[in-house]
Amino acid sequence: MTKNILVTGGAGYIGSHTVVELIQHGFNPIVLDNFSNSRPSVIDSLEEITQQKIISVTGDCRDAAVYDLIFSKYKIDAVIHFAADKAVGESVQNPLKYFDNNLNGLMVLLAAMERHDVKHLVFSSSCTVYGNPDNVYVDENSPLKSPESPYGFTKLVGEQMLDNMVRHGKKMRVVLLRYFNPIGAHPSALIGERPQGIPNNLLPYITQTALGIRAELSVFGNDYDTIDGTCVRDYIHVCDVADAHVSALTLLSASPDSCIEAINIGTGKGTSVLEIIRIFERETGVSLNWKFAPRREGDVPEIYAKADKALHTLNWKATYSVSDAVKHAWEWEKKTQN
Ligand code: NAD
Ligand code: UD1
């Protein structure tokens, strides 16, 4: 029987790519999004890619009544909870916005799942829970650190709330996916990352600079103790991240009644900012205008994932290269700005 999956934030960057994967794997996604950081036209693009009608509910994840509507109308087998605010800088300016949307939103969802006896949850977490790690090659047992921002705090506390519930006997099956640095776009160039205003993240800044929307990329810091002095991250194609959610649903189906697993979603390989610039220039033939700038506050010098647990428990590993991701990001940016 086709499984119904509630995808909160399903019109967003990672959510939309996951909706495509879910459909391609025979699931029936039900998108819940308030479009606070996405556009309704994403749903049209999803229909174009999948050639299928997408069930989409416009509503807020902090609204208990919306869940009652959805859970009553569809027999939901599992929830993938993407919906959250994610701008690190904004979270420093306005922590309450983040506590409300990311933590209150999670609590309202959990209460609704309890009311409607839905027990399977995939939660979007982040490598930010490792803070600035002592060992840069982090596995799931690496210590969780005090986060650098209120955004990071909400991810850590979200994880801890779920862990606490399961450890105290709540019959729930939870997978916490700790994404490293998702980049790229769907190969169709119909969906991708669309930041509002000036991008904070590296890849959108690069593609917008290459198109002349931004004058120049600032490379934050060149004196870190890394391969070339710039920060190193584990960049992973967003379609690989999306695919991990399908594997997580399979794991949940085969898990004991009460369980929680944290799993890194990364490639296991680090790439520096300068390397990304070189890859971009090589793959696109476009020369990028960039300069060195002071370090960005709160940046971790180097972090990448030990991804063995994902391979063993999810039978998942990344299939795209950073070059693929950069190319796809570029194709998407060109199409979006046309
Ligand atoms: P995104 O902003 O593109 O997507 C989030 C979606 O949720 C948007 O469509 C937004 O409109 C929606 N949303 C937000 N608040 C809502 C609410 N109260 N009710 C209904 N819909 C709401 O972000 P993303 O990059 O796709 O991230 C998805 C998840 O993954 C987030 O939880 C984020 O914290 C986490 N994450 C993202 C990254 C990354 O680099 N993109 C890294 C680690 C973790
Ligand atoms: C950031 C957040 C992280 C969040 C993730 C996804 C911080 C400190 N961390 O991760 O919590 O989960 O985004 O939203 O904000 N860079 C430049 N110039 C730029 C932009 C970035 O040099 O214009 C560098 C950064 O210094 C960093 C690397 O590129 O070394 C990647 O930056 P970014 O894409 O913002 O991701 P993170 O900082 O890893």
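First listed ligand is number 1; within each ligand, the first listed atom is number 1.
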Atoms of ligand 1 less than 4.0 Å from Tyr13 heavy atoms?
1 (P), 3 (O), 4 (O), 25 (O), 26 (O)
Only heavy atoms of Arg62, strictly under 4.0 Å: list the atoms of ligand 1 that pass.
18 (N)
Measuring from atom 10 (O) of ligand 2, which candidate in Asp299, Thr209, Asn181 has the nearest non-hydrogen atom?
Asn181
Which ligand 1 atoms does Ser126 reach within 4.0 Å, using its non-hydrogen atoms?
43 (C), 44 (C)
Would you mind listing which atoms of ligand 1 come within a distance below 4.0 Å of any non-hydrogen atom of Gly9?
6 (C), 7 (O), 12 (C)
Give the atom numbers and elements of ligand 2 that come within less than 4.0 Å of a heavy atom of Thr128.
11 (O)
Asn201 and Tyr13: side-chain hydrogen bond (donor to acceptor under 3.5 Å, both in side chains), yes or no, with the steps?
CA-CA 13 Å; Asn201 294 114; Tyr13 176 44; over 6 Å; no
With heavy atoms under 4.0 Å as the rule, classify the contact between Phe35 and ligand 1 as side chain, backbone, both or neither.
backbone
Below 6.0 angstrom between ring centroids: does that apply to Phe27 and His245?
no
Note: His81, heavy atoms under 4.0 Å from ligand 1, region reported as neither
Within reach of ligand 1, part of Asn101 (heavy-atom separation under 4.0 Å)
side chain
Cys61 heavy atoms within 4.0 Å reach ligand 1 at atoms 17 (C), 18 (N), 19 (N), 20 (C)
Please state which protein non-hydrogen atom is closest to atom 19 (C) of ligand 2 and give its distance, to 0.1 Å?
Phe220 CE1, 3.3 Å
Using a 4.0 Å heavy-atom cut-off, say whether Ser125 meets ligand 1 through its side chain, its backbone, both or neither.
backbone
Which atoms of ligand 1 are found less than 4.0 Å from any heavy atom of Ala83?
7 (O), 13 (N), 16 (C), 21 (N), 22 (C)
Under a 4.0 angstrom heavy-atom cut-off, which atoms of ligand 2 come close to Gly298?
8 (C)
Counting each atom of ligand 2 from 1 as listed, which ones have a heavy atom of Cys231 under 4.0 Å away?
30 (O)
Among Lys86, Arg296, Glu297, Arg295, the residue with a heavy atom nearest to atom 38 (O) of ligand 2 is Arg296
I need the atoms of ligand 1 closer than 4.0 Å to a non-hydrogen atom of Ser36, numbered in the order shown.
10 (C), 11 (O), 13 (N), 14 (C), 15 (N)
Please state which protein non-hydrogen atom is closest to atom 28 (C) of ligand 2 and give its distance, to 0.1 Å?
Tyr235 OH, 3.4 Å
Nearest to atom 34 (O) of ligand 2 by heavy atom, Ile276, Asn222, Thr226, Leu202: which?
Leu202
Fit a plane to each ring of Phe280 and Trp330, take the angle between them on a 0 to 90° scale, and name the class: parallel (under 30°), tilted (30 to 60°) or perpendicular (over 60°).
perpendicular
I'd like to check which ligand 1 atoms, numbered from 1 as shown, lie under 4.0 Å from a non-hydrogen atom of Asn37.
1 (P), 2 (O), 10 (C), 11 (O)
